[in-house]
Protein chains: 2
Amino acid sequence: MIDGHSIAGIIDVAADAGVSPTTVSHALSGKRAVSAKTRLKIQESVARLNYQPNLVARGLRSQRTHTIALLVADISNPYYPEVASGVHDVLTRDGYLPFVCNTNGVAEAERTFLAEFVARSVDGIIMHPMALAPAEIRFIVGRRVPVVIIGEDDGSHSVDFVRSDDRTGISAGVSYLHDQGHRSIGFISGPVGIGPGDARLISFRLAVAALGLRTDDEWIARGPYTRDGGLDAGARILASSTPPTAIMCANDLIAIGAMDAARAAGLAIPSDIAIIGCDNIGIADLVSPRLTTIDNNARGVGIACAETLLLRIADGPDAVARHTALPTRLVIRQSA
Amino acid sequence: MIDGHSIAGIIDVAADAGVSPTTVSHALSGKRAVSAKTRLKIQESVARLNYQPNLVARGLRSQRTHTIALLVADISNPYYPEVASGVHDVLTRDGYLPFVCNTNGVAEAERTFLAEFVARSVDGIIMHPMALAPAEIRFIVGRRVPVVIIGEDDGSHSVDFVRSDDRTGISAGVSYLHDQGHRSIGFISGPVGIGPGDARLISFRLAVAALGLRTDDEWIARGPYTRDGGLDAGARILASSTPPTAIMCANDLIAIGAMDAARAAGLAIPSDIAIIGCDNIGIADLVSPRLTTIDNNARGVGIACAETLLLRIADGPDAVARHTALPTRLVIRQSA
DNA sequence: ATGAAAGCGCTAACAG
DNA sequence: CTGTTAGCGCTTTCAT
């Protein structure tokens, strides 16, 4: 036996079992009652011929492929595997094939992938957009394919959104810094209009204002969501006329870069400068000092996305959109 | 305009352009000469109707889906995104849609995914098996779907393999430790029969023997490819009657766990105990002390896998199998 | 350079 | 409970 893959089709099974292809189809799908005797014959034939349904043909005929695309900006960012894990566990349980594609944060790649998913008749898309606005996503994908967007909603009620409720976690972080005696707190965000940085910066400003702390524009910097981005932005903040005593960052990689910048400036962490990240990726617990950060429950986001998508598939395109915000929490380690 | 997704089919385009669907198909695929005037008309109709070919139908008819599955054991392991990145760049350039699926290292999941890929008529599979042997993979997938396996080849010449040449890098690591004065070197591998640990342990034994160093069974331990696995295994080695002065590890996560174990035992790194990892994942440069490790060129492996797969697709199943070994190198940082 | 007809493998719609 | 017919949307013969 060299080859475990036979090329038997449903017609071969039907002939072998002495029934019609339709009956074989229904015996396998359970969509129509089939007598026990017939079902047994069919199961024997399926096993004997090693029949594997052609899922492409099934998809064309039934207009449902049982595939779900998860489109992420940077699979190297450890945040996404967590989301993917949650998505995976929920969807495989329901018989879907979830698969991951990677845009590298390029807007044109986001467009290309979305169009490709539609052309391939995926049953749903879960996406963390880096460059595309929800309206454009909806425009590209159309109404036939359900989309769940990870991130801040745009106010419209025509798309499902799932997000981490950064505000609670960031507020907790700022309060914690305040309790530690910090009165001047900086923030490093991502590039304008890209990713979660804008929203996190707003949450930060609100939290700071709520405590009656002042903010200085010199304490706010932006850069790519990378270690190097954090290094540059951190260095700029630390070079300001009166540097802050603490810095919050829009993600953990930026925070790790900011720690590099602090060390390069000869500052001790957290005694000279406290640093807090966002995301609580695996690395956060491995760096030195261990990173205090906001856990955004990435796996929970993945689970919520998958569940939202399944509900949307069940309810159809006209059902009211769901906007889910999952709580975040401060994880106190050593960097603050 | 609420919906960017039209439901125009090739028949609508043909009617709009005043030609047959056959001609539209050929105008788009370029598989048959079409007059310039006709092609222009068709392009206009395609644009006006916003025609998007149905790729499921195309796949059923042409028996080629232009999809490539990348099956990995643990997408959370930072090694895989690197591989995926290389795979992605090569395959998208050739018009394929590469997608990633995750088995969590469960043998049954590997089987299930492979069968699903065949049923979905993917044009190729790139896989890093954790539990399945090459023969079983070939058996499940059959001859129709090309497979490139990441890892040690099994001696047969019926499957394409791509691997990092661990031996050169591990040999360099052992020599380096020897140069530093180490004469007793331990090794932490993965579970028996799972992943690259077995082969790396063999390479280690050869390198140690080549330098005339003795090995002690107490200095060899095994555990899961995780930080906790490295912590446990490292603690066991350090608790042996005469602990080694250096430990090499089958991957970086194990090495980071071994560093935990060393610290827990009150040992300084690298002065009391030197530690070397394998893979050079991003974290390796972020931990403290920064991890000396063997870079296995994960992105290069991804590129080689994709190129091997494309050649296999072009050459057919009967062409001789390619076994590619990419060089690895020692990256000296602080832990050794 | 183009069209007509057939069919990829399956399931839905329509019968009994 | 089962079968017959039709057709998902496209590409491939085969014919001109």
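Within every chain, numbering begins at 1; the chains are lettered A, B, ... in the order of the sequence lines, protein sequences first and strands thereafter. Remember, predicted model here, so these are calculated numbers, not experimental data. Just so you know, these numbers use all the heavy atoms, side chains as well, and skip hydrogens, waters and symmetry mates.
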Engineer: Both Ser25(A) and Ala33(B) contact DNA chain C. Which one's nearest nucleotide lies toward the 5' end?
Structural biologist: Ala33(B)
Engineer: May I have the distance from Gln63(A) (atom CD) to dG9(C) (atom P), rounded to whole angstrom?
Structural biologist: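 Going from Gln63(A) (CD) to dG9(C) (P), I get 18 Å.
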Engineer: Specify the separation, in whole Å, of atom CD1 of Ile10(A) and atom P of dC8(C).
Structural biologist: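 Going from CD1 in Ile10(A) over to P in dC8(C) covers 14 Å.
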Engineer: Tell me the salt bridge (charged side-chain N to carboxylate O under 4.0 Å, His left out) pairs involving residues 78-90 of chain A, sequence neighbours left out?
Structural biologist: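 Qualifying pairs: Asp89(A)-Arg299(A).
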Engineer: Return no unless some side-chain N or O of Lys31(B) is found under 4.0 Å from OP1 or OP2 of dT11(D).
Structural biologist: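 No.
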Engineer: Counting only side-chain N and O atoms of Tyr51(A), is one of them less than 4.0 Å from OP1 or OP2 of dC10(C)?
Structural biologist: yes
Engineer: Without decimals, in angstroms, what is the distance between Leu40(B) CG and dA1(C) P?
Structural biologist: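 Rounded to whole Å, this separation is 16 Å.
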Engineer: Mind running side-chain contact (heavy atoms from CB on, under 4.5 Å) on Val148(B) and Leu311(B) for me, showing each step along the way?
Structural biologist: CA-CA 11 Å; Val148(B) 174; Leu311(B) 289 170; over 6 Å; no
Engineer: Using a cut-off of strictly less than 4.0 Å, decide whether Thr38(A) has a side-chain nitrogen or oxygen near OP1 or OP2 of dT2(D).
Structural biologist: yes
Engineer: Give the nucleotide from the list dG9(D), dT11(D), dG3(D) with an atom nearest to the side chain of Pro21(B).
Structural biologist: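 Closest of the options to the side chain of Pro21(B): dT11(D).
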Engineer: Tell me what His26(A) touches on the nucleic acid: a base, only sugar-phosphate, or nothing, going by heavy atoms under 4.0 Å.
Structural biologist: nothing
Engineer: Does Val56(B) reach a base, just sugar-phosphate, or nothing at all? Heavy atoms under 4.0 Å.
Structural biologist: nothing
Engineer: If the threshold is 4.0 Å, N to carboxylate O, is there a salt bridge linking Lys41(A) and Glu44(A)?
Structural biologist: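 No, no charged N to carboxylate O under 4.0 Å.
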Engineer: Mind calculating the distance between CD1 (Ile7(B)) and P (dC8(D)) to the nearest angstrom?
Structural biologist: 12 Å
Engineer: Check step by step if side chain to side chain donor-acceptor pair (under 3.5 Å) holds for Ser35(B) and Thr38(B).
Structural biologist: CA-CA 5 Å; Ser35(B) 78; Thr38(B) 305; 2.7 Å; yes
Engineer: Looking only at N and O atoms, is any donor in the side chain of Thr22(A) or the base of dA12(C) less than 3.5 Å from an acceptor on the other one?
Structural biologist: yes
Engineer: Rounded off to whole Å, could you give me the CG-to-C1' distance for the Asp12(B) and dG9(D) pair?
Structural biologist: 11 Å
Engineer: Using a 4.0 Å heavy-atom cut-off across all strands, classify Ser29(A) as base, sugar-phosphate, or nothing.
Structural biologist: nothing
Engineer: Write down the distance between CG (Leu60(A)) and C1' (dG9(D)), rounded to a whole number of angstrom.
Structural biologist: 6 Å
Engineer: Contact class for Ser35(B) (heavy atom, under 4.0 Å): base, sugar-phosphate, or nothing?
Structural biologist: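 Contact class for Ser35(B): sugar-phosphate only.
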Engineer: Is the shortest distance from a Lys or Arg side-chain nitrogen in Asp315(A) or Arg322(A) to a carboxylate oxygen in the other one below 4.0 Å?
Structural biologist: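 Salt bridge: yes.
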Engineer: Measure from CZ on Arg61(B) to C1' on dG7(C) and round the result to the nearest Å.
Structural biologist: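 Result: 5 Å.
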Engineer: Please report the distance, rounded to the nearest Å, between CZ in Arg32(A) and P in dG3(D).
Structural biologist: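 The distance from CZ of Arg32(A) to P of dG3(D) comes to 8 Å, rounded to the nearest Å.
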Engineer: Under 4.0 Å, heavy atoms only, any strand: does Thr23(A) hit a base, just the sugar-phosphate, or nothing?
Structural biologist: sugar-phosphate
